*Asks:* 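Structure provided below as structure tokens; questions to follow.
For the numbers below, each heavy atom of this structure counts, side chains included, while hydrogens, waters and symmetry mates do not. Keep in mind the model is a prediction, meaning the values are calculated, not measured.
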Amino acid sequence: VFSSVTSVLNMSVFKDQFVLEDLIEEIKKKSTALSFGPLQSNGHISVQGSFPEIKLLRDFLLLKAKSLSEEDKREESKSHQRPRRRLQQHKLPRETSNFVDGADGEKQVVVLDTDIYHYMKYFFPRTFLVNDNVVISDITDGDITTVCIENVGNRSDAGQVLRVKEKIEDESIKLHNTLRKGRISFQEHTRDEKQRYKWACENLKPHYPHVLIIPYDTHIDIVGNSSEIFEFTKKVSS
């Protein structure tokens, strides 16, 4: 179920440093397993492929944005005008830590499948347990959720940021290998039929304590292991 995801990238943040068309072409050569849509006038481009490949691309772009930000700070005193430059060669990293050392402490970024993130938040809330000096925030963009862990307090707590990031990554890898997702679509269903499906899910939920129900206006997603998802979906639809 998680073998293919789609995300929309906002490449406009690079327009002052790169020729976007060149940047996209270079990324396509590096990420041959991904499918890219056309580059829009606002700098947005859709990308489709496996979640690990999408994550690697996101991590690569996050690191590139960080390096450009640091370079801008170094050159700010020299000039306020930055000409667009041709793309330099960069190898896509297989693993990145997304480490940012700011004035207030350390920051780590983890890119997760949105369904896995919801499952972790619901069933494994201790994964995101931190003290008052660490703040966790998230940004969801369709199938991808970016989780930011930041130290806002004492520098002596800096190590907790990395420990939390590693704990989230370890748990997400375990879930990625075991979780599946079922979907009950509401297409061509009346409002009463939609409500019946929602009631059926709620009534069955106590019998499937490890299944997560995520209701939407157009469908219901059911996340859990494959056997429970099959049984649950079959009983709801019967």
*Asks:* I need the minimum non-hydrogen distance between H219 and S185, along with the two atoms involved.
*Replies:* CB-CA, 4.0 Å
*Asks:* Minimum heavy-atom separation for R126 and K167, please, with both atom names.
*Replies:* O-NZ, 3.4 Å
*Asks:* Please assess I213 against K205 for the test side-chain contact (heavy atoms from CB on, under 4.5 Å), listing each intermediate value before the final yes or no.
*Replies:* CA-CA 8 Å; I213 301 170; K205 181 66 175 70; 3.7 Å; yes
*Asks:* Do you reckon Y216 sits in the same ILVMFWY cluster as V223, going by side-chain contacts under 4.5 Å, direct or chained?
*Replies:* yes
*Asks:* Is a side-chain donor or acceptor of T114 paired with a backbone partner of I144 at a separation under 3.5 angstrom?
*Replies:* yes
*Asks:* To check you understand the geometry: which heavy-atom pair defines the closest contact between V110 and L112, and what is its length?
*Replies:* CG1-CD2, 3.7 Å
*Asks:* Go through the structure and list residues passing side chain to side chain contact (heavy atoms under 4.5 Å, CB included) with V135, not counting sequence neighbours.
*Replies:* V152
*Asks:* For the residue pair E25 and K28, establish whether any side-chain heavy-atom pair is separated by less than 4.5 Å.
*Replies:* yes
*Asks:* Is there a side-chain contact (heavy atoms from CB on, under 4.5 Å) between T233 and I222 once you walk through the steps?
*Replies:* CA-CA 8 Å; T233 306; I222 307 164; 3.8 Å; yes
*Asks:* Can you see which heavy atom on L179 is nearest to which on N225, and at what distance?
*Replies:* CD2-N, 4.5 Å
*Asks:* What residue among L9, L20, L23 forms side chain to side chain contact (heavy atoms under 4.5 Å, CB included) with L39?
*Replies:* L20
*Asks:* Can you list everything that forms a side chain to side chain contact (heavy atoms under 4.5 Å, CB included) with H207? Sequence neighbours excluded, please.
*Replies:* none
*Asks:* Looking only at non-hydrogen atoms, find the nearest pair between Y119 and H210 and report the distance.
*Replies:* OH-O, 2.6 Å
*Asks:* Are E166 and L162 close enough, and set up right, to give a side-chain contact (heavy atoms from CB on, under 4.5 Å), and what steps lead you there?
*Replies:* CA-CA 6 Å; E166 292 174 344; L162 183 58; 3.7 Å; yes
*Asks:* Using a 6.0 Å cut-off, check whether atom NZ of K174 has over 12 heavy atoms from anything other than its own residue.
*Replies:* no
*Asks:* Mind telling me whether Y208 and F232 have parallel, tilted or perpendicular rings, with 30° and 60° as the class edges?
*Replies:* perpendicular
*Asks:* Applying side-chain contact (heavy atoms from CB on, under 4.5 Å) to F36 and I27, what does each step give before you reach the verdict?
*Replies:* CA-CA 10 Å; F36 294 81; I27 291 175; 3.7 Å; yes
*Asks:* Can you check whether Q160 reaches V130 side chain to side chain, under 4.5 Å on heavy atoms?
*Replies:* yes
*Asks:* Closest heavy-atom contact between A33 and E53?
*Replies:* CB-CG, 4.2 Å
*Asks:* Using salt bridge (charged side-chain N to carboxylate O under 4.0 Å, His left out), reason through E169 and K165 one step at a time and then give a plain yes or no.
*Replies:* CA-CA 6 Å; E169 287 183 329; K165 172 184 180 289; 2.8 Å; yes
*Asks:* Heavy atoms, side chains only, cut-off 4.5 Å: are Q108 and C148 in contact?
*Replies:* no
*Asks:* With a 6.0 Å cut-off on ring centres, are F128 and Y117 close enough?
*Replies:* yes
*Asks:* Quick one: does N151's side chain get under 4.5 Å of N133's, heavy atoms only?
*Replies:* yes
*Asks:* Can you check whether F123 reaches L175 side chain to side chain, under 4.5 Å on heavy atoms?
*Replies:* no
*Asks:* Hey, does I214 have a side-chain heavy atom less than 4.5 Å from the side chain of D115?
*Replies:* yes
*Asks:* Could you pull out every donor-acceptor pair under 3.5 Å between side chains of residues 192-201 and any protein atom, sequence neighbours left out?
*Replies:*
unit_1, atom_1, unit_2, atom_2, d
E193, OE1, T190, N, 2.9

